[in-house]
Structure formats: C-alpha cells, structure tokens
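Sequential numbering from 1 along the given sequence is applied to the chain's residues. No hydrogens, no waters, no symmetry mates; every other heavy atom, side chains included, goes into these values.
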Amino acid sequence: MGYKITVERATTSQIGDIDFNHLPFGKHFADHMFVADYRDGDWHDCRIVPFGNFMMHPALSSLHYGQSIFEGLKAEKDSEGNPIIFRPLKNFNRFNISADRMAMPEVPQELFMNAIDKLVTLDRDWIPTTPDSSLYIRPYMFATEEFVGIKPAEHFRFVIFTGPVGAYYNRPVKVFIHDKYVRAFPGGVGYAKCAGNYGAVMMPTREVQKMGYDQILWLDGIYHRHLQEIGTMNVFAIIDGVIITPSLDQGTILDGVTRDSMVRIAENEGYTVQERDVSIDEIIHAYHEGKLEDMFGTGTAAVVSHIGEFHYKGENYELPPVESREISNKLKSRLTSIKSGKAEDIFNWLHTVPVSVYANQ
Ligand SMILES: Cc1ncc(COP(=O)(O)O)c(C=O)c1O
C-alpha cells in the first residue's frame with residue numbers, strides 16, 4: 001500500500017490577519033488543505049495544496065442526492081509546542097461508519113492519519129495557544145460524479161481543512177424540547193455524520209432561535225418521549241448524583257467522542273454512569289422532586305455546555321447555577337486538562353504527530 005501525499009506550499013500566509021485573542025468559531029481557515037480523489041476503486045492524487053476554491057460541475061451528484069459526510073476534531077499544543085490531537089482514531093472510525101451508511105468508500109487509516117499529521121504539521125503555527133482555543137480539523141467526503149439520477153456515485157473527493165477556533169458557547173444554553181419535529185428514528189441515519197442530518201434540522205432550529213432558544217433537544221422519533229441529543233452535542237443529566245445519558249443502542253444519535261470520554265472519566269472518578277433510555281417524564285419528575293442537579297451537552301466544539309434552562313410543552317424549567325454543578329465542572333476540567341496535555345493521559349487518548357512527519361517538512 002502506501003499513499004504518497006504531495007505538498008504544494010502556499011506562497012503567502014494569511015496568518016497575519018488573524019486576531020488569536022478573539023477567535024470566532026468556524027470563520028478562519030489555515031493556509032493549506034488536503035485533497036484526494038476516489039475513482040476505479042481507490043484513492044488517487046493525494047495532495048496538500050494552498051487553501052482555495054473548487055471548480056464544480058452543475059450536476060455534481062452530492063449536491064442533489066446528499067452523499068456527503070464529515071468529521072470534526074481538534075489539535076492543541078503540548079507544553080513543548082508539539083501538536084497533539086485528541087482521539088483521532090475515534091473520528092476515523094466514525095467517518096467510515098458514516099461512509100458505509102451513505103454507500104461511500106472507506107478511507108484507509110493510514111491515509112486519514114497521515115493526511116492529518118502532515119496538514120497539522122505544515123500549519124502548526126495556526127494552532128492557537130490562547131485559553132479555550134484550538135485548531136479545528138474538518139475532514140469531509142462528497143460524491144463528485146456528474147450525473148442526474150438516483151444511484152450511489154462512484155467518484156468521491158476526500159478533503160481536510162483546518163482553522164483556529166475559540167470557545168463555541170461560553171454561557172449556559174437555553175434548549176427547546178420539541179414534541180413536533182424529530183431528528184432521527186431507528187433504521188434511519190441518525191448515527192451517521194451525514195450532511196442531510198444537519199440540513200433537516202435547520203428550519204426547526206431557526207424557529208426556536210426566533211423564540212429566544214439556542215438549540216433543540218430532540219426526542220425520539222417514535223414516542224416523542226426519550227431524550228436524544230442537542231444540536232451538535234450529546235446530552236447528559238445528573239439526577240440524585242447519578243450521571244445518565246441516552247444509550248447508542250437505537251442508532252439514532254451520534255456516538256460522540258466527547259460523550260464517550262466523559263463517560264469514561266466519570267466512571268474512573270467513581271461516579272455511577274447509566275447509558276440507557278432517558279424519558280422526558282423522568283426528567284420533569286426529578287425536576288419537581290428537586291433531584292435534577294444538572295443537564296449539559298457534550299461535543300468537540302463546546303466540550304461541555306451547561307443547560308441553563310429548558311422548555312417543554314409550554315413550560316420553562318430553570319436549572320441550578322453553573323457554579324453549583326460540581327460534578328460536571330470537575331469532569332469538564334479533567335477532560336480539558338487531558339486534551340491539552342496538562343494532565344496525565346491515563347487513557348492513552350492523545351495522538352502526538354510523529355517526529356518523522358516534522359523531519360520531512
Ligand atoms: C449530531 C451530533 N451529536 C453529537 C455530537 C458530539 O460529538 P463529538 O463529541 O464527537 O464532537 C456532534 C458533533 O460532532 C454532532 O454533530
């Protein structure tokens with residue numbers, strides 16, 4: 001095997017235009033991107049090139065039929081200034097799970113990881129060192145065949161770009177629990193990080209945002225009763241000291257890397273964690289009994305976002321002040337210190353870019 005990645009360097013860098021002390025999320029892009037094209041059953045022309053536009057055929061099949069998937073992960077710098085990436089193999093596995101569901105080709109681990117290592121090394125000056133910031137890495141794949149008609153495409157493009165980002169939500173979020181729209185259902189594509197899952201939630205999300213909420217907390221698609229996830233985050237509740245999060249069994253929610261990391265850290269700290277069906281009735285009941293201590297979302301973008309308030313069937317429910325939420329604050333700080341290389345990596349989660357990649361640049 002072996003995929004050779006060629007490198008064409010940008011002649012000028014845009015880095016001087018960036019205010020690293022005030023980084024918005026998702027608006028700045030580093031100087032280079034990785035591109036590979038799939039045809040005749042394999043990946044070809046693996047290349048790092050200056051960040052820039054693609055030319056597109058108007059009948060590009062992903063635009064019409066939605067064979068399009070993506071991932072999101074982050075790089076930071078350790079105390080010596082070396083790039084470290086948090087659990088990239090989890091994202092790699094999930095990328096291929098999404099690809100399989102959308103009848104798209106697998107990306108070999110060697111190609112995925114080498115492309116990220118090389119790209120992050122080349123643009124390492126773009127990794128911010130200001131608090132709560134990091135270099136966001138966005139791998140994605142889309143069908144590039146040019147035709148009209150419904151059939152799985154045979155040509156695809158795999159791209160990775162990166163960009164420096166600051167904190168996503170830096171205040172508690174207000175969520176709206178919908179009993180009208182649904183995001184996913186068993187047998188569907190809820191567990192895949194495919195573009196259609198995000199397109200489908202735009203209109204309901206815009207509706208709740210007009211009413212002053214940040215995000216929707218989705219309920220299951222059949223009974224409209226069990227908690228699913230929030231926007232681009234998995235959801236957790238703490239009832240009477242027990243940490244509860246919806247299980248992955250139905251295939252309706254994303255298997256979040258942050259979710260898994262929180263569960264493992266919490267178990268390691270001696271907390272009881274339950275991955276199971278969580279009904280909205282149970283949440284409301286615990287709230288009225290004074291036992292609902294906390295609710296929060298987890299995701300790569302925000303790490304942990306506390307829910308300040310939720311709305312369900314015409315009622316608003318206010319949750320305790322964030323400062324009093326000892327368990328989630330502790331778990332969040334454990335996770336962020338592992339991610340940034342400040343705490344011991346007891347789970348072996350950090351990927352350090354191999355020195356051989358530096359040597360070749
Ligand atoms: C729908 C959805 N749920 C949950 C998550 C959280 O997953 P992770 O922790 O891997 O970022 C994301 C973000 O990727 C998402 O898009």
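The hydrophobic clustering, which links ILVMFWY residues whose side-chain heavy atoms are closer than 4.5 Å, places L219 and V201 apart.
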Practice problem: Would you please test L292 and D240 for side chain to side chain contact (heavy atoms under 4.5 Å, CB included) and show each step? | Solution: CA-CA 7 Å; L292 182 61; D240 221 2; over 6 Å; no
Practice problem: Decide yes or no on side chain to side chain contact (heavy atoms under 4.5 Å, CB included) for H155 and Y38, but give the supporting numbers first. | Solution: CA-CA 5 Å; H155 300 166; Y38 185 88; over 6 Å; no
Quiz prompt | From CA spacing to verdict: side chain to side chain contact (heavy atoms under 4.5 Å, CB included), M233, T298 | solution = CA-CA 5 Å; M233 295 189 287; T298 62; 5.6 Å; no
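Between T162 and D123, the side chains place no donor N or O within less than 3.5 Å of an acceptor N or O (distance only, hydrogens not considered). If you check the side chains of D37 and H44, you find no donor sitting under 3.5 Å from an acceptor. No side-chain N or O of T352 forms a donor-acceptor pair with one of N82 less than 3.5 Å apart.
Not one N or O on the side chain of Y136 forms a donor-acceptor pair closer than 3.5 Å with the backbone of F161. Here the side chain of H28 pairs no donor or acceptor atom with the backbone of L23 at under 3.5 angstrom. A donor-acceptor pair under 3.5 Å is formed between the side chain of R47 and the backbone N or O of D45. In this structure, the side chain of T336 engages the main chain of S333 through a donor-acceptor pair within 3.5 Å. With hydrogens and angles disregarded, a donor-acceptor distance shorter than 3.5 Å links the side chain of H224 to the backbone of D179.
Between Y65 and F147, the angle of the ring planes stays under 30°, which puts this pair in the parallel group of the 30/60° scheme. Ring pair Y181/H178 is perpendicular by interplanar angle, where above 60° counts as perpendicular and below 30° as parallel.
D345 and K339 are not joined by a salt bridge, as no carboxylate oxygen comes within less than 4.0 angstrom of a charged side-chain nitrogen. Under the 4.0 Å criterion applied to side-chain N and carboxylate O atoms, R276 and E282 are assigned as salt-bridge partners. Ion pairing of E229 with R183 is present here, as a side-chain N (NZ or NE/NH1/NH2) and a carboxylate O approach within less than 4.0 Å.
The only option from R94, R138, K193 that meets the salt bridge (charged side-chain N to carboxylate O under 4.0 Å, His left out) definition with E71 turns out to be R94. Each of I216, V235, I230 was scored for a side-chain contact (heavy atoms from CB on, under 4.5 Å) with V175, with one residue passing: I230. Just one residue in the list R206, K174, R171 forms a salt bridge (charged side-chain N to carboxylate O under 4.0 Å, His left out) with D214, and that residue is R171. For the pairing with F70, the ring pair (Phe, Tyr, Trp, His ring centres under 6.0 Å) check across F95, Y198, F142 returns one residue only, Y198.
Residue-environment remark: OH (Y317) exceeds the threshold of 12 foreign heavy atoms within 6.0 Å. The environment of CD in E289 is crowded: more than 12 heavy-atom neighbours from other residues, nucleotides or ligands sit within 6.0 Å. The 12-atom threshold is exceeded at NE2 of H57, counting heavy atoms of other residues, nucleotides or ligands nearer than 6.0 Å.
Ring-centre distance between F86 and W349: below the 6.0 Å cut-off. Ring centroids of F158 and F34 are separated by less than 6.0 Å, placing the two rings close together. F176 and H311 have their aromatic ring centers within a separation under 6.0 angstrom.
A cation-pi geometry, defined here as NZ or CZ lying under 6.0 Å from the six-membered ring centre and within 45° of its normal, holds between R157 and F54.
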